[in-house]
Amino acid sequence: MNTTVSCELHLRLVVSSESSLPVPAGLRYDTADPYAVHATFHTGAEETVEWVFARDLLAEGLHRPTGTGDVRVWPSRSHGQGVVCIALSSPEGEALLEAPARALETFLKRTDAAVPPGTEHRHFDLDQELSHILAEN
């Protein structure tokens, strides 16, 4: 049986050192994909941008800078509040988002309750995934 953990939160898109814009977002964790957190960023009335992060990357980013390449995550402070900065890079552009640290930490604790860190392999059906990949080709 698969379990899904989700949360809605409000991020800030950093435009400049003095300006940012609100970005509603949804995070979803499914025990059928135990290594990943799926993020949906609502960028317009009906427009969304989807990203998939390693759960470990987000968890480590709560405490120290981590990640290379397309995704980097680090703890910071903004307006006296703890935030987690998430820098995204793709061929379409770059974005720097600030997530409320407390909300992200609460979400990750809920994912840890569903699948404790280090036990992800017990929830991952490699045969099923390989069958799915091979069927697509």
Side-chain angles (χ1 to χ4, degrees):
M1 183 173 104
N2 292 338
T3 299
T4 301
V5 176
S6 60
C7 84
E8 298 293 322
L9 64 158
H10 292 277
L11 308 180
R12 302 294 304 174
L13 173 64
V14 178
V15 179
S16 70
S17 59
E18 298 86 31
S19 179
S20 64
L21 300 170
V23 177
L27 300 179
R28 184 178 51 80
Y29 177 80
D30 191 326
T31 58
D33 190 5
Y35 293 99
V37 170
H38 297 258
T40 302
F41 304 106
H42 303 280
T43 58
E46 294 184 25
E47 298 172 25
T48 61
V49 175
E50 307 279 333
W51 278 77
V52 179
F53 305 100
R55 177 174 68 157
D56 290 348
L57 178 77
L58 292 177
E60 187 173 335
L62 284 170
H63 306 288
R64 67 189 132 283
T66 188
T68 58
D70 295 348
V71 181
R72 293 176 295 118
V73 183
W74 65 93
S76 188
R77 296 198 68 73
S78 178
H79 304 289
Q81 301 294 317
V83 297
V84 175
C85 294
I86 303 171
L88 305 175
S89 177
S90 77
E92 290 80 32
E94 297 181 354
L96 175 59
L97 298 160
E98 293 178 344
R102 195 171 293 188
L104 185 57
E105 184 175 26
T106 298
F107 169 76
L108 289 169
K109 283 181 181 178
R110 291 175 50 219
T111 71
D112 290 352
V115 176
T119 67
E120 294 89 352
H121 65 282
R122 295 182 195 153
H123 298 268
F124 189 75
D125 188 341
L126 183 58
D127 291 334
Q128 179 181 350
E129 291 301 317
L130 283 174
S131 294
H132 181 70
I133 292 169
L134 294 174
E136 290 178 356
N137 293 323

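- Between the side chain of Ser16 and the backbone N or O of Ser19 there is at least one donor-acceptor pair closer than 3.5 Å.
- The two residues Asn2 and Thr31 come nearest to each other via the heavy atoms CA-OG1, 3.2 Å.
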Please tabulate, for side-chain N and O atoms in residues 77-85, each donor-acceptor pair with protein atoms closer than 3.5 Å (sequence neighbours left out).
residue: Arg77; atom: NH2; partner: Gly80; partner atom: O; Å: 2.6
residue: Ser78; atom: OG; partner: Glu98; partner atom: OE1; Å: 3.2

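- Between Ile86 and Ala99, the shortest heavy-atom distance links the atoms CD1-CB, 4.4 Å.
- Members clustered with Val14: Trp74, Leu96, by chain and number, using a 4.5 Å side-chain heavy-atom cutoff among hydrophobic residues.
- Not counting sequence neighbours, Thr68 has no partner by the side-chain contact (heavy atoms from CB on, under 4.5 Å) test.
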Test Arg28 against Cys7 for side chain to side chain contact (heavy atoms under 4.5 Å, CB included), laying out the working first.
-> CA-CA 7 Å; Arg28 184 178 51 80; Cys7 84; over 6 Å; no
Verdict with reasoning, Asp30 to Thr3, per side chain to side chain contact (heavy atoms under 4.5 Å, CB included) | CA-CA 6 Å; Asp30 191 326; Thr3 299; over 6 Å; no
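- For the atom pair CG (Leu27) and NE2 (His38), the distance works out to 11.0 Å, reported to the nearest 0.5 Å.
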Yes or no on side chain to side chain contact (heavy atoms under 4.5 Å, CB included) for Leu21 and Val15, after CA distance, side-chain angles and deciding distance?
-> CA-CA 7 Å; Leu21 300 170; Val15 179; 3.8 Å; yes
Cut-off 3.5 Å, no hydrogens considered: what does the side-chain donor-acceptor table look like for residues 102-109, sequence neighbours left out?
residue: Thr106; atom: OG1; partner: Arg102; partner atom: O; Å: 2.9

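- When every heavy atom of Ala95 is checked against every heavy atom of Leu13, the shortest pair comes out as CB-CD1, 3.9 Å.
- No more than 12 heavy atoms of other residues, nucleotides or ligands shown are found within 6.0 angstrom of CZ on Arg72.
- Remark: Glu8 pairs with no residue by the salt bridge (Lys or Arg N to Asp or Glu O under 4.0 Å) rule, at least two apart or across chains.
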Cut-off 3.5 Å, no hydrogens considered: what does the side-chain donor-acceptor table look like for residues 47-56, sequence neighbours left out?
residue: Glu50; atom: OE1; partner: Thr40; partner atom: OG1; Å: 2.9
residue: Glu50; atom: OE2; partner: Thr40; partner atom: OG1; Å: 3.2
residue: Arg55; atom: NH1; partner: Thr111; partner atom: O; Å: 3.1
residue: Arg55; atom: NH1; partner: Thr111; partner atom: OG1; Å: 3.3
residue: Arg55; atom: NH1; partner: Asp112; partner atom: OD1; Å: 3.3
residue: Arg55; atom: NH1; partner: Val115; partner atom: O; Å: 2.9
residue: Arg55; atom: NH2; partner: Val115; partner atom: O; Å: 2.9
residue: Arg55; atom: NH2; partner: Glu120; partner atom: OE2; Å: 2.7

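- Both Tyr29 and Leu62 are assigned to one and the same hydrophobic cluster, defined by single-linkage of ILVMFWY side chains at heavy-atom distances under 4.5 Å.
- Heavy atoms only, all atoms of each residue included: Pro100 and Leu9 are closest at CD-CD1, 3.8 Å.
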Full working for side chain to side chain contact (heavy atoms under 4.5 Å, CB included) between Phe41 and Leu11 = CA-CA 9 Å; Phe41 304 106; Leu11 308 180; 3.3 Å; yes
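- Nearest heavy-atom pair across Glu60 and Pro65 is OE2-O, 4.4 Å.
- Ser90 places none of its side-chain heavy atoms less than 4.5 Å from the side chain of Asp70.
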